[in-house]
Amino acid sequence: QLQASGGGLVQAGDSLRLSCTASGLTFSSYTLGWFRRAPGKERELVVDINWSGRSTYYADSVKGRFTISRDNAVNTVYLQMNGLKPEDTAVYYCAARPGLYFSGTYSYNYWGQGTQVTVSS
């Protein structure tokens, strides 16, 4: 199970940090990802991170602004979002997949419930 938190309503240029805590998984062996779905748009993979944290993927739209990290000791993955833009407004979901790391894959086994991020201009 994955529990996401940290969303909210902010102004353009502000920062937010999302957290996603896992239970019932061998967390340290999972690839983790953050997806988002904006109204009227397809689901988008924003970032992902391999089990050790040494390999990551960032969508072009968030490169230089978002940072993914993980703390395997507390079964938590984080998404630091800086320089937020109105186009970042979406429901953000964390997800987990076991096995080999495939950068940018959309194939995940476990999903969190989503947390709303709204960025006003």
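Source: prediction; values computed, not measured.
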- Sequence neighbours left out, what pairs pass ring-ring contact (aromatic ring centres under 6.0 Å, His included) with at least one residue falling in residues 49-94? none
- Does a side chain donor of either Asp48 or Tyr101 reach within less than 3.5 Å of an acceptor in the other side chain?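 Yes, because at least one side-chain N or O of Asp48 sits under 3.5 Å from a partner of the opposite role on Tyr101.
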- Message: What I'd like to find out is whether the side chain of Trp34 reaches to under 4.5 Å of the side chain of Val77, using heavy atoms alone.
- Response: yes
- Task: Indicate yes or no: at least one non-hydrogen side-chain atom of Val62 is less than 4.5 angstrom from one of Arg36.
- Result: yes
- Query: Any salt bridge (charged side-chain N to carboxylate O under 4.0 Å, His left out) pairs touching residues 64-74, not counting sequence neighbours?
  - Reply: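 Checked against salt bridge (charged side-chain N to carboxylate O under 4.0 Å, His left out) - neighbours excluded - the pairs reaching residues 64-74 are Arg65-Asp88.
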- Contact list for residues 17-28, test side chain to side chain donor-acceptor pair (under 3.5 Å), sequence neighbours left out: Thr21-Thr76
- Query: Residues in side chain to side chain donor-acceptor pair (under 3.5 Å) with Ser69, at least two apart?
  - Reply: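 Applying side chain to side chain donor-acceptor pair (under 3.5 Å) to Ser69 gives none.
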- Item | Non-neighbouring partners of Glu87 that pass side chain to side chain donor-acceptor pair (under 3.5 Å), sequence neighbours left out | none
Determine all donor-acceptor pairs shorter than 3.5 Å in which one atom belongs to a side chain in residues 112-121; sequence neighbours excluded.
| residue | atom | partner | partner atom | Å |
| --- | --- | --- | --- | --- |
| Gln113 | OE1 | Ala4 | N | 3.2 |
| Gln113 | NE2 | Ala4 | O | 2.8 |
| Thr115 | OG1 | Gly7 | N | 3.1 |
| Gln116 | NE2 | Ala90 | O | 3.4 |
| Gln116 | NE2 | Thr118 | OG1 | 3.3 |
| Ser120 | OG | Val10 | O | 3.3 |

Inter-residue atom distance [X].[atom1] - [Y].[atom2], 0.5 Å rounding:
| X | Y | atom1 | atom2 | result |
| --- | --- | --- | --- | --- |
| Leu100 | Thr105 | CG | OG1 | 11.5 Å |
| Leu16 | Gln80 | CG | CD | 8.5 Å |
| Ile68 | Thr56 | CD1 | OG1 | 8.0 Å |

- Item | Sequence-distant partners of Lys41, salt bridge (charged side-chain N to carboxylate O under 4.0 Å, His left out), two or more places apart |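 For Lys41, no residue satisfies salt bridge (charged side-chain N to carboxylate O under 4.0 Å, His left out) once neighbours in sequence are set aside.
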- disulfide (SG to SG under 2.5 Å) contacts touching residues 15-121 (sequence neighbours left out): Cys20-Cys94
- Please list, chain by chain and in numerical order, all residues satisfying ring pair (Phe, Tyr, Trp, His ring centres under 6.0 Å) with Tyr106, sequence neighbours excluded.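 Testing Tyr106 for ring pair (Phe, Tyr, Trp, His ring centres under 6.0 Å), a comparison that skips the adjacent residues, returns Phe35.
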- Closest approach of Asn50 and Arg54, non-hydrogen atoms and distance?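 Taking every non-hydrogen atom into account, OD1-N, 3.1 Å.
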- Do you know the tightest heavy-atom contact between Asn82 and Ser15? OD1-OG, 2.9 Å
- Query: Shared ILVMFWY cluster between Tyr108 and Val91, side chains joined below 4.5 angstrom?
  - Reply: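 Per the 4.5 Å side-chain linkage, Tyr108 and Val91 are co-clustered.
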- Ala22: side chain to side chain contact (heavy atoms under 4.5 Å, CB included) partners, not counting sequence neighbours: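 Checked Ala22 against side chain to side chain contact (heavy atoms under 4.5 Å, CB included); matches are Leu2, Leu25, Phe27.
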